[in-house]
Amino acid sequence: MDMFTVMKREEVHALLITEFKNARNEGELVGINDACGRILKNDLVSKENIPAFRRSTVDGYAMRSKDTIGCSESMPAFLKIIGETLMGAGTDLYVKEYEAVHVPTGGVVPNGADCVCMIENTEQILEEVMVYRPAAPLENIISVGDDVKNNEVVLTEGTVIKTQHISVLAALGYSEVEVYRRPKVSILSTGDELVDIWKIPEIGEIRDVNTYGLKSMLTSIGCEVTYINMVEDDSELLKKHMEEALAVSDVLLVSGGSSVGTKDMTPDIINQLGQPGVLVHGVAIKPGKPTIIARVNNKAVFGLPGHPASCMISYKAIVEPFIREILLKSSEKERYMVATSGFQAHVSSGREVYYMVTLDETDTGYIAYPVNGKSGMVSLLSKAEGYIRIPMEKEGIEVGTPLRVYMFE
Ligand SMILES: Nc1nc2c(c(=O)[nH]1)N[C@H]1C(S)=C(S)[C@@H](COP(=O)(O)OP(=O)(O)OC[C@H]3O[C@@H](n4cnc5c(N)ncnc54)[C@H](O)[C@@H]3O)O[C@H]1N2
Ligand code: MOO
């Protein structure tokens with residue numbers, strides 16, 4: 001018997017975009033040392049040309065390329081050295097016909113010169129330099145604004161700031177940047193059987209895995225976890241904790257109690273907390289079918305399945321894209337690795353099926369193998385390197401089928 005009317009993952013995402021079209025998105029300034037992983041609130045525009053002066057890329061002599069035409073080892077060009085430029089300093093020197101100026105790597109190329117000849121291709125004799133190889137115009141020179149132009153958009157709004165971008169920000173003279181504020185998220189784990197992780201569980205009890213798993217995934221994408229608690233299956237208590245959690249967060253994740261067992265009271269409580277309440281109860285993904293999606297006034301509430309691996313998949317499939325795109329305003333596309341299937345699987349569940357996989361590296365690329373196990377096994381997570389999705393309309397995969405492998409982070 002089908003317990004829920006299920007909605008497709010893509011439909012859920014589209015519904016969330018509509019429901020949260022007015023979601024808050026203020027910015028805050030952060031120092032660039034703390035900016036990694038944060039998301040740019042505005043286009044980042046260069047306020048200057050980089051470089052701001054003509055810069056040599058080599059140690060050598062600045063000269064007019066014309067004066068080197070036809071020179072060779074046996075017939076070098078003889079140029080008069082009129083001076084040198086020093087690192088970190090400007091120069092008034094002007095290079096005229098048959099003249100040269102010594103320039104260090106990164107130094108200013110004096111006016112009049114249109115190329116720099118590498119020191120290896122020259123020989124200095126007293127006040128003169130012999131040039132053994134012709135140099136082309138602009139050879140070994142970075143012109144003003146060649147790297148970045150004044151007013152150029154260097155990084156666009158929505159970019160997730162990565163380590164390489166920190167160097168760009170430093171080069172442009174940004175000591176701080178405006179990023180989207182971290183969404184505040186609460187996590188509640190429900191279940192009479194749950195105990196704290198430092199306890200030895202009695203028979204029937206299990207350690208609360210999901211608050212930890214969810215918190216680590218949330219913080220890795222830039223959320224702030226503002227409230228965490230473990231609640232027994234008691235509707236009054238659960239309602240009280242959910243109210244407390246919603247008061248301090250933009251998003252509430254409730255793990256467990258999403259299914260239809262007698263104790264699974266989460267949907268009813270959500271509906272008592274605010275409008276419009278539960279939007280979807282059941283998503284066409286496997287695992288993760290009993291996922292709940294709700295809006296309580298301007299807050300998002302998700303009920304995730306209790307089984308740890310199902311909880312993670314449901315989070316990755318539904319919650320993370322919502323937070324990234326709608327709250328964090330990230331423009332980053334979902335990342336994956338390309339592999340081929342090392343196994344055969346037939347699915348006919350009418351759902352998008354997720355498999356945890358391990359990867360074997362071969363000369364021709366990665367081959368993905370399934371991590372087998374039943375719902376609720378944590379070994380699914382200890383062995384998995386990532387997961388694959390088999391679309392709803394497919395009946396399965398064969399050995400050799402190209403796959404996209406998504407990583408947990
Ligand atoms: N009659 C049906 N029963 C179930 C269905 C169904 O469609 N019809 N769906 C099954 C699927 S699939 C899943 S997944 C689970 C989801 O159940 P709940 O979301 O209601 O979660 P619980 O019943 O509370 O827990 C399930 C399982 O996970 C363990 N758990 C719960 N919370 C945690 C936690 N924080 N850390 C570690 N483990 C946790 C819990 O002890 C249970 O073993 O429903 C199926 N049933
Ligand atoms: O759908 Mo459940 O979430 O199979 O484990």
Side-chain angles (χ1 to χ4, degrees), residues 31-33 35-36 40 42-156 159 161-177 363:
I32 63 166
N33 287 328
C36 234
L40 270 185
N42 303 302
D43 285 351
L44 195 99
V45 179
S46 176
K47 295 172 283 187
E48 58 205 45
N49 280 313
I50 295 193
F53 55 91
R54 291 198 308 154
R55 202 172 176 211
S56 174
T57 60
V58 296
D59 285 312
Y61 290 91
M63 58 192 66
R64 296 158 18 119
S65 53
K66 268 189 202 156
D67 298 343
T68 67
I69 292 172
C71 72
S72 64
E73 297 245 344
S74 54
M75 207 185 292
F78 283 80
L79 307 181
K80 182 165 182 264
I81 302 170
I82 57 162
E84 60 177 338
T85 59
L86 300 174
M87 282 312 277
T91 179
D92 293 333
L93 292 169
Y94 189 96
V95 178
K96 297 196 286 293
E97 204 176 6
Y98 301 122
E99 288 181 347
V101 169
H102 183 261
V103 185
T105 300
V108 177
V109 177
N111 287 335
D114 69 348
C115 68
V116 178
C117 195
M118 278 205 286
I119 205 125
E120 298 87 317
N121 299 326
T122 66
E123 197 175 333
Q124 186 182 348
I125 298 172
L126 301 173
E127 305 286 282
E128 282 194 315
V129 60
M130 291 195 289
V131 182
Y132 296 123
R133 250 194 55 188
L138 294 183
E139 193 167 319
N140 300 323
I141 292 180
I142 305 183
S143 302
V144 172
D146 241 8
D147 189 359
V148 180
K149 301 229 170 348
N150 188 23
N151 287 328
E152 184 180 328
V153 174
V154 182
L155 297 171
T156 49
T159 298
I161 301 173
K162 303 260 168 51
T163 45
Q164 78 265 26
H165 299 140
I166 303 297
S167 301
V168 176
L169 294 171
L172 296 178
Y174 280 94
S175 55
E176 39 184 35
V177 276
D363 291 344

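As the structure is a prediction and not an experimental result, all values here were calculated from the model.
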When you look at Thr156 and Asp43, which way does the side-chain hydrogen bond (donor to acceptor under 3.5 Å, both in side chains) test go after all the steps?
-> CA-CA 4 Å; Thr156 49; Asp43 285 351; 5.2 Å; no
Within residues 53-62 or reaching into it, pairs that qualify as salt bridge (charged side-chain N to carboxylate O under 4.0 Å, His left out) - sequence neighbours excluded = none
Consider only side-chain N and O atoms of Ser56 and Asn140, and report whether a donor and an acceptor are under 3.5 Å apart.
-> no
Test the Lys47-Tyr174 pair against the cation-pi criterion, namely NZ or CZ under 6.0 angstrom from the six-membered ring centroid and within 45° of the ring axis.
-> yes
Would you call Leu79 and Glu99 a side-chain contact if the rule is heavy atoms closer than 4.5 Å?
-> no
Are any non-hydrogen side-chain atoms of Glu127 and Ile81 less than 4.5 angstrom apart?
-> no
Counting only heavy atoms not in Lys96, do more than 12 fall under 6.0 Å of its NZ?
-> no
Would you indicate whether the side-chain heavy atoms of Pro137 and Ser65 approach each other to under 4.5 Å?
-> yes
Give a yes or no answer on whether the side chain of Thr91 reaches the backbone of Leu93 with a donor-acceptor pair at less than 3.5 Å.
-> yes
Decide if atom NZ of Lys149 counts as having more than 12 heavy atoms of other residues, nucleotides or ligands within a radius under 6.0 Å.
-> yes
Closest heavy-atom contact between Thr122 and Tyr61?
-> OG1-CE1, 3.6 Å
Return yes when atom CZ of Phe53 has more than 12 non-hydrogen atoms of other residues, nucleotides or ligands closer than 6.0 Å, and no otherwise.
-> yes
If you measure from the Lys or Arg side-chain nitrogens to the Asp or Glu carboxylate oxygens, is any gap between Glu97 and Lys80 under 4.0 Å?
-> no
